[in-house]
Structures are given as structure tokens and as C-alpha cells.
> 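I am attaching a structure below and will ask some questions about it afterwards.
This chain uses plain numbering: 1 for the first residue, then up along the sequence. Note that the structure is a prediction, hence the values are computed from the model and not measured.
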Amino acid sequence: MTRYLISFDDGAMNFPEEELPEVAKASHEVVRQARDAGVWVFGGGLQRQQASVVATDGTVTDGPYPETKAVVGGFSVIDVPSREDALEWAAKMAAACRCAQEVREILPDPTD
């Protein structure tokens, strides 16, 4: 099977604050379904804050870099047989979170 990263941009969830409990419930239900299907690996929302960037020399700066337009707001990693399966899970997540999801294949571990 192949692992896929499904993610959305910070700030992409544009709905009224009072709807957050409903969105959270729907999102948790999709995660439960993914766990029950045996495809869930890991995921979660990211704290809305500026990231720290660690350079190759160990220097730490506040990030993301100024030219970055969007940062990841949340993500899921799933392990499925095909890209089509990943897109189906992304569609469920998009509906639950009420925002578009980006799907990217994770390269296999060369040591496996």
C-alpha cells in the first residue's frame, strides 16, 4: 500500500465560529471511519502560530519565509492501495472540514 498526505491550508476553514463543534464532530467521524477501515496512520490540526525554521547550519529563525503564502493548518496520513482511494478519503475530509484538501503521495522509505 502507499501512504498519502492529505492536508489543508491554515485559514482555509471559513465558517462561523459557532459551527466549530459540528465541524469537529464530522471530522472526528471521518477519522473514526479511516481507523475502522485500517487506513489511518496519523494526523491532526496544527496550532495556529508562526513556525520556526531550522537551517542546515542549525540557525533558528521565525518562519515561514516571507514569500510563503500559505502554511499547513492540519493533515492526515493514510495508507491506501491507490491514489483513487486517497482522493476518496480526501473528499470525505473536505466535506467534514468544509475546506479543500491537498493530496500528495509520500515517497516510500528506501530502507524498507
> Run the side chain to side chain donor-acceptor pair (under 3.5 Å) test against Arg35 and tell me which residues pass, sequence neighbours left out.
none
> With ILVMFWY side chains joined below 4.5 Å, transitively, what does Met1's cluster contain besides itself?
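Same cluster as Met1: nobody, lone residue.
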> If you take all heavy atoms of Cys97 and Ser27, which pair is closest and at what distance?
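Looks like SG-OG, 3.4 Å.
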> Taking Val39 as the starting point, is it possible to reach Val31 by hopping between hydrophobic residues whose side chains are less than 4.5 Å apart?
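Per the 4.5 Å side-chain linkage, Val31 and Val39 are co-clustered.
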> Examine distances only and state if a side-chain atom of Asp10 and a backbone atom of Val72 form a donor-acceptor pair shorter than 3.5 Å.
no
> For residues 17-26, which side-chain N or O atoms pair as donor and acceptor with protein atoms under 3.5 Å away, sequence neighbours left out?
| from | atom 1 | to | atom 2 | distance (Å) |
| --- | --- | --- | --- | --- |
| Glu19 | OE1 | Arg98 | NH1 | 2.2 |
| Glu22 | OE2 | Arg98 | NH2 | 2.9 |

> What heavy-atom pair brings Ala90 and Gln101 nearest, and what distance separates the two atoms?
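That closest heavy-atom pairing would be O-CG, 3.6 Å.
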> With ILVMFWY side chains joined below 4.5 Å, transitively, what does Val54's cluster contain besides itself?
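Joined to Val54, directly or through intermediates: Val60.
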> Show the nearest heavy-atom pair for residues Ala96 and Val30, with the distance to one decimal.
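Here Ala96 and Val30 meet closest at CB-CG2, 3.8 Å.
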> Can you list every pair that meets salt bridge (charged side-chain N to carboxylate O under 4.0 Å, His left out) and has a residue in residues 99-110, with sequence neighbours left out?
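For residues 99-110, and leaving out neighbouring residues, the salt bridge (charged side-chain N to carboxylate O under 4.0 Å, His left out) pairs sorted by first residue read Glu102-Arg104.
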> Run through Ile106, Ile78, Asp79, Leu87 and flag the one making a side chain to side chain contact (heavy atoms under 4.5 Å, CB included) with Tyr4.
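That would be Ile78.
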> How would you list all residue pairs meeting side-chain hydrogen bond (donor to acceptor under 3.5 Å, both in side chains) that involve residues 85-95, not counting sequence neighbours?
Ser82-Asp85
> Would you mind listing every ring pair (Phe, Tyr, Trp, His ring centres under 6.0 Å) that reaches into residues 18-43, with sequence neighbours excluded?
Phe42-Phe75
> Excluding sequence neighbours, so at least two apart, what forms side-chain contact (heavy atoms from CB on, under 4.5 Å) with Asn14?
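Scan of Asn14 (side-chain contact (heavy atoms from CB on, under 4.5 Å), adjacent residues dropped) gives none.
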> Would a hydrophobic clustering, with Ile, Leu, Val, Met, Phe, Trp and Tyr connected at side-chain separations under 4.5 Å, put Val103 with Leu5?
no
> How many angstroms lie between atom OG of Ser76 and atom CZ of Phe8, to the nearest 0.5 angstrom?
8.0 Å
> Would you please name every residue forming a side-chain contact (heavy atoms from CB on, under 4.5 Å) with Thr59, sequence neighbours left out?
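side-chain contact (heavy atoms from CB on, under 4.5 Å) list for Thr59, sorted by chain: Ala55, Asp57, Thr61.
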> Taking only residues two or more places apart in sequence, or in another chain, which ones meet Glu29 in a salt bridge (charged side-chain N to carboxylate O under 4.0 Å, His left out)?
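Applying salt bridge (charged side-chain N to carboxylate O under 4.0 Å, His left out) to Glu29 gives Arg32.
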> Please tell me whether Leu46 and Ile6 are part of a single hydrophobic cluster in this structure, the criterion being side-chain heavy atoms less than 4.5 Å apart.
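Leu46 does not cluster with Ile6.
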> For the SG atom of Cys99 and the CE atom of Met13, what is their distance to the nearest 0.5 Å?
5.0 Å
